[in-house]
Amino acid sequence: MFQGRGESISSNPITASNPGSGTFQFAISSTDNGDATYSTPYTVTVNTTGSASGDATEIAAKINAAGVQNVSASVDASNRIVITHALGRN
């Protein structure tokens with residue numbers, strides 16, 4: 001679902017059928033600047049409704065609420081989730 005490496009990665013566009021309606025869980029980790037060791041994974045649970053823009057916003061909000069150090073999420077103009085590491089790491 002996500003592509004890229006380094007400072008930011010982005011998903012495929014979120015649509016009514018991608019991911020669709022349901023409850024989904026995934027894990028997300030990060031590294032610190034100068035350290036290749038990943039943090040303990042944070043579990044993110046998202047409830048989607050099949051609304052493209054609403055689901056994209058919900059996914060980004062849940063990632064932000066997880067509190068992963070140096071990681072933030074947003075939605076771009078193409079309705080993709082963009083995950084950014086503040087220090088340019090993974």
Side-chain angles (χ1 to χ4, degrees):
M1 180 172 171
F2 288 92
Q3 306 163 355
R5 255 180 118 47
E7 187 173 312
S8 294
I9 59 173
S10 61
S11 70
N12 293 325
I14 303 300
T15 65
S17 61
N18 179 28
S21 179
T23 300
F24 303 92
Q25 284 190 330
F26 58 92
I28 186 169
S29 297
S30 69
T31 58
D32 279 330
N33 201 18
D35 185 354
T37 304
Y38 282 91
S39 67
T40 300
Y42 292 76
T43 300
V44 178
T45 302
V46 180
N47 297 306
T48 57
T49 63
S51 163
S53 62
D55 289 349
T57 300
E58 173 73 0
I59 295 166
K62 293 292 183 161
I63 292 169
N64 290 331
V68 182
Q69 186 175 359
N70 298 313
V71 172
S72 63
S74 60
V75 180
D76 72 8
S78 297
N79 214 44
R80 297 178 300 183
I81 308 298
V82 179
I83 300 175
T84 302
H85 192 289
L87 303 177
R89 296 292 298 168
N90 296 322

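Residue pairs meeting the salt bridge (charged side-chain N to carboxylate O under 4.0 Å, His left out) criterion with at least one partner in residues 39-52, sequence neighbours excluded, do not occur; the list is empty. Every pair tested for side-chain hydrogen bond (donor to acceptor under 3.5 Å, both in side chains) that includes a residue from residues 58-67 fails, sequence neighbours excluded, so the list is empty. Among residue pairs with one or both ends in residues 11-21, none qualify as salt bridge (charged side-chain N to carboxylate O under 4.0 Å, His left out); sequence neighbours excluded.
Between the side chain of S29 and the main chain of S39, a donor-acceptor pair closer than 3.5 Å is present. Side-chain atoms of D55 come within 3.5 Å of backbone N or O of T49 as a donor-acceptor pair.
To the nearest 0.5 Å, the span separating CG on N18 from CG on N12 amounts to 6.5 Å. A distance of 4.0 Å separates CD1 of I63 from CD1 of I83, quoted to the nearest 0.5 Å.
A pairwise comparison of heavy atoms in S10 and V82 identifies CB-CG2, 4.2 Å as the closest pair.
Take T84 and apply the side chain to side chain donor-acceptor pair (under 3.5 Å) test, not counting sequence neighbours, and it matches S8.
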Report, one line per pair, each donor and acceptor closer than 3.5 Å where one atom sits in a side chain of residues 66-77; sequence neighbours left out.
unit_1 : atom_1 : unit_2 : atom_2 : d
D76    : OD1    : S78    : N      : 2.9
D76    : OD1    : N79    : N      : 3.2
D76    : OD1    : R80    : N      : 2.9
D76    : OD2    : R80    : NE     : 2.8
D76    : OD2    : R80    : NH2    : 2.7

Report, one line per pair, each donor and acceptor closer than 3.5 Å where one atom sits in a side chain of residues 40-48; sequence neighbours left out.
unit_1 : atom_1 : unit_2 : atom_2 : d
T45    : OG1    : Q25    : NE2    : 2.9
N47    : OD1    : T23    : OG1    : 2.7
T48    : OG1    : G20    : O      : 2.5
T48    : OG1    : G22    : N      : 3.3
T48    : OG1    : G22    : O      : 3.2

